[in-house]
Structures are given as structure tokens and as C-alpha cells.
Visitor: 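Got a structure here, written out as C-alpha cells. Questions coming.
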Amino acid sequence: MQANRETEPQLALATTTVARPRPEECATARRIAAEMGCPYWPRASLDKTCADLDGLLVVERENLALWIAGQRFCYHPNMAKLRVCALQQQRKDALIDALQIAPGASVLDCTCGLGADAIVASYVAGPEGRVLALEAAPLLALLVERGMASYSLADDPDLDLAMRRVEVRRADFATYLRKEADAAWDVVYFDPMFDESIAHARGLDLVRCLARPGGPEPADLHEARRVARRRVVMKDRRPGRSLARLGFAKVEESRRVCYGVLPAW
Ligand SMILES: C[S@@+](CC[C@H](N)C(=O)[O-])C[C@H]1O[C@@H](n2cnc3c(N)ncnc32)[C@H](O)[C@@H]1O
């Protein structure tokens with residue numbers, strides 16, 4: 001097990017609401033405070049108290065926003081929209097080709113992040129399929145779970161539905177996999193935060209700030225192969241050094257990333 005696996009960024013957080021909140025927004029802010037183990041501060045008391053904070057979670061009318069160092073972060077599904085558009089035009093998606101999934105498939109995404117990959121997989125798996133996305137970083141899991149439930153891509157209802165179908169769970173894949181039954185999912189997928197991907201991440205600021213670093217160990221992959229009915233897939237930056245180190249066979253490559261496969265046991 002990696003040394004940093006149990007270490008989350010220890011942010012001093014509080015929750016609050018927008019000015020003139022509705023009662024239900026105060027209730028949500030209190031609930032989130034309890035869930036995250038941080039204080040709830042009524043908006044009116046903020047000026048006096050927030051100097052010592054690293055981050056502030058603000059329950060807005062439509063969103064949950066995280067303020068860190070004067071920057072506002074809010075959930076967005078990253079590249080999922082463009083990628084689903086491409087699939088609708090019968091163009092290829094390297095992840096889907098690597099996962100080899102079709103309607104009805106079940107996918108365990110061990111590294112949710114902003115969930116763009118999970119949304120694309122959910123779009124392809126359809127209403128008969130299932131996508132569960134695990135996220136170890138508590139703040140990220142909170143923002144993504146709430147964001148996926150409310151974010152709307154108004155011009156593409158199919159995409160909205162695909163996003164709503166993704167189940168997000170705050171969990172460490174190392175723990176989750178060891179408790180999961182044999183052959184429980186068609187495909188188990190990893191897109192880890194290798195050091196390289198942290199250094200190069202663009203458009204993933206929220207993930208970069210909050211994510212848990214590191215990737216699966218050989219023992220985790222052993223469990224993943226037991227849990228997968230068909231295959232285990234991992235994404236890596238080109239040229240795929242982590243794939244090679246962990247024994248994956250490279251199957252798909254695009255300009256910046258590549259995918260590898262391990263067969264199920
Ligand atoms: C590169 S991001 C994934 C991006 C994602 N594929 C997407 O499309 O948005 C990797 C994510 O995995 C999470 N993660 C890292 N280690 C984990 C673990 N042991 N269990 C669950 N999630 C983990 C990180 O916190 C981070 O959010």
C-alpha cells in the first residue's frame with residue numbers, strides 16, 4: 001500500500017450559503033457540514049470568521065461551489081459532452097474501444113475524478129447497464145456526486161440521463177475491490193493520478209487540487225481481475241510507462257494517452 005494512500009489533503013473547511021438563503025439551503029449546508037466534519041457558518045457571520053479557512057463550501061441556488069484561494073470551483077463534466085457528441089456522430093472513442101462495452105454493460109470506474117469517463121461509459125451502457133464510480137477524495141466525491149445529480153447540459157437530454165445514471169460513491173478502490181464479489185462487473189477501469197498526470201493536467205484544476213495521488217498496486221490489480229468478468233482497463237499518459245510496469249497490454253493510443261488491458265482471471 002502506498003504511504004500517501006490514507007492521507008487526504010487536510011483542508012480547514014466550513015460550509016455556508018449565499019446571502020439571503022432559503023431555509024432548505026441552510027439545511028443542506030448544515031447537512032454537508034456534518035458529512036464533511038466541518039463547521040457550518042451562517043453567511044452573515046462569515047466576514048469575521050473565514051480568515052483561517054483553506055476552503056469554503058457554498059450552497060448556492062443551483063450549485064455547490066468550493067472557494068479556495070479566491071477561486072470558485074464548481075462541478076462540470078469536463079470533456080464528456082464533446083466525447084458523447086462524437087459517439088453520436090459514429091466517431092470512435094478510445095476509452096470505449098478499450099473497454100469494449102455495449103448497451104447493458106456494467107462498469108466499475110475505480111477513479112471517478114470529474115466523472116467524464118464514467119459519463120461516456122454510462123452513455124454507451126445505456127439504461128440497462130450500470131456504472132459505479134469510486135472516488136477516494138471526500139471533497140471531490142461530494143462535489144461530483146451533487147454535481148452529477150443537478151448539472152444540466154440542456155441541449156442534450158441523453159447526456160443528462162447518462163450523467164444521472166452514474167452512481168458516485170466515496171470509497172477507496174483498494175478497500176472496495178477486496179470486498180466485492182468475484183466477476184461482479186463486466187469491466188473494471190482505472191484512470192489514476194500518476195505523478196506525470198498531475199504535472200500535465202489541464203482543465204482538471206479541481207481534480208489537481210483535491211485528488212488522491214498514486215495508482216493501483218499489483219495486489220489491487222489482482223483483485224480487479226477477480227472482480228471483472230471480462231477485463232481490467234487502465235489509462236496512462238503516452239508512452240505508457242505505468243501500463244508496462246504493471247503488465248498491461250497496450251490496446252488503444254491517442255495523441256496524449258493510451259489504454260492497456262489485463263484479462264479477467
Ligand atoms: C485522473 S482522475 C480521474 C479522471 C476521470 N477518469 C475523469 O474522466 O474525470 C483520478 C481520480 O482518482 C481518484 N483516486 C486516486 N486514488 C484512488 C483510490 N485509491 N480510490 C478511489 N479513487 C482514487 C483521485 O482522487 C482522482 O480524483
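When a ligand or atom number is given, it counts from 1 through the structure's own listing order. The first residue of the sequence shown is numbered 1, and numbering continues consecutively from there. Predicted, not measured: the structure shown is a model, and the values here were computed from it.
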Visitor: Are any of the N/O atoms in Lys235 less than 3.5 Å from those in ligand 1?
Guide: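 N/O-N/O distance under 3.5 Å: no.
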Visitor: Using a 4.5 Å cut-off on heavy atoms from C-beta on, say whether the side chain of Trp185 contacts that of Glu180.
Guide: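 Yes, close enough: below the 4.5 Å cut-off.
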Visitor: Does Arg212 reach ligand 1 with a nitrogen or oxygen that is under 3.5 Å from one of the ligand's nitrogen or oxygen atoms?
Guide: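 Looking only at distances, the answer is yes, because the N/O contact criterion of under 3.5 Å is met.
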Visitor: Using a heavy-atom cut-off of under 4.0 Å, does the side chain or the backbone of Leu140 touch ligand 1, or both, or neither?
Guide: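 Side chain only.
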Visitor: Mind checking what makes side chain to side chain donor-acceptor pair (under 3.5 Å) contact with Arg30, not counting sequence neighbours?
Guide: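 Arg30 satisfies side chain to side chain donor-acceptor pair (under 3.5 Å) with no residue once adjacent residues are dropped.
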Visitor: When you measure from atom 25 (O) of ligand 1 to each heavy atom in Met193, Glu217, Glu135, which option holds the nearest one?
Guide: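 Looking at heavy atoms only, the winner is Glu135.
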Visitor: Under a plain distance cut-off of 3.5 Å, with no hydrogens placed, do Asn63 and Tyr75 share a side-chain donor-acceptor pair?
Guide: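 Asn63 and Tyr75 do not have a side-chain donor-acceptor pair below 3.5 Å.
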Visitor: So is there a nitrogen or oxygen of Asp191 less than 3.5 Å from a nitrogen or oxygen in ligand 1?
Guide: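 Between Asp191 and ligand 1, an N or O pair is found under 3.5 Å apart.
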Visitor: Output the list of atoms in ligand 1 that are nearer than 4.0 Å to some heavy atom of Cys110, sorted by atom number.
Guide: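 Within the 4.0 Å cut-off of Cys110, ligand 1 contributes 20 (N), 21 (C), 22 (N).
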Visitor: Taking the six-membered ring for Trp, are Phe173 and Phe190 parallel (under 30°), tilted (30 to 60°) or perpendicular (over 60°)?
Guide: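 Phe173 vs Phe190 ring planes: perpendicular.
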Visitor: Between the candidates Ile119, Asp117, Asn78, Leu114, which shows the shortest non-hydrogen contact distance to atom 8 (O) of ligand 1?
Guide: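 Minimum heavy-atom distance to atom 8 (O) of ligand 1 goes to Asp117.
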Visitor: Against ligand 1, does Asp172 come closer than 4.0 Å with any heavy atom?
Guide: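 A heavy atom of Asp172 does come that close to ligand 1.
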Visitor: Against ligand 1, does Ala171 come closer than 4.0 Å with any heavy atom?
Guide: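 True for this residue.
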Visitor: What side-chain donor-acceptor pairs closer than 3.5 Å can you find for residues 146-160, not counting sequence neighbours?
Guide:
residue: Ser150; atom: OG; partner: Arg146; partner atom: O; Å: 3.1
residue: Ser152; atom: OG; partner: Asp160; partner atom: OD2; Å: 2.9
residue: Asp155; atom: OD1; partner: Lys81; partner atom: NZ; Å: 2.9
residue: Asp155; atom: OD2; partner: Lys81; partner atom: NZ; Å: 2.9
residue: Asp156; atom: OD1; partner: Asp158; partner atom: N; Å: 3.3
residue: Asp156; atom: OD1; partner: Leu159; partner atom: N; Å: 3.2
residue: Asp156; atom: OD2; partner: Gln88; partner atom: NE2; Å: 3.4
residue: Asp160; atom: OD1; partner: Leu153; partner atom: N; Å: 2.8

Visitor: N/O of Gly115 under 3.5 Å from N/O of ligand 1, yes or no?
Guide: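 Min N/O separation from ligand 1 is below 3.5 Å for Gly115.
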Visitor: Flag the pair Leu13 / Asp54 as yes when at least one side-chain heavy-atom distance between them is below 4.5 Å, and no otherwise.
Guide: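 Contact flag for Leu13/Asp54 side chains = no.
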Visitor: Does any N or O of ligand 1 fall below 3.5 Å from an N or O anywhere on Ala116, backbone included?
Guide: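 Among all N and O atoms of Ala116, at least one is under 3.5 Å from an N or O of ligand 1.
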Visitor: Can you find an N/O atom of Ala136 closer than 3.5 Å to an N/O atom of ligand 1?
Guide: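 By distance alone, the answer is yes.
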Visitor: Report yes if some heavy atom in the side chain of Thr15 is under 4.5 Å from a heavy atom in the side chain of Val58; otherwise report no.
Guide: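 Not touching, per the 4.5 Å side-chain cut-off.
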Visitor: For Arg61, does the CZ atom sit with more than 12 other heavy atoms under 6.0 Å from it, leaving out its own atoms?
Guide: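 Yes.
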Visitor: Do the non-hydrogen side-chain atoms of Asp109 and Leu134 ever get within less than 4.5 Å of each other?
Guide: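 Asp109 vs Leu134: side chains apart.
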Visitor: Among the heavy atoms of Cys112, does any lie under 4.0 Å from an atom of ligand 1?
Guide: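 Per 4.0 Å heavy-atom rule, Cys112 contacts ligand 1.
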Visitor: What is the distance from atom OH of Tyr123 to atom CG of Leu161, rounded to the nearest 0.5 Å?
Guide: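 The distance works out to 10.5 Å.
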Visitor: Decide whether the shortest distance between a heavy atom of Ala174 and an atom of ligand 1 is less than 4.0 Å.
Guide: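 Heavy atoms of Ala174 never come under 4.0 Å of ligand 1.
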Visitor: So, is Ala211 polar-close to ligand 1, with some N/O to N/O distance under 3.5 Å?
Guide: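 No, there is no polar N/O contact under 3.5 Å.
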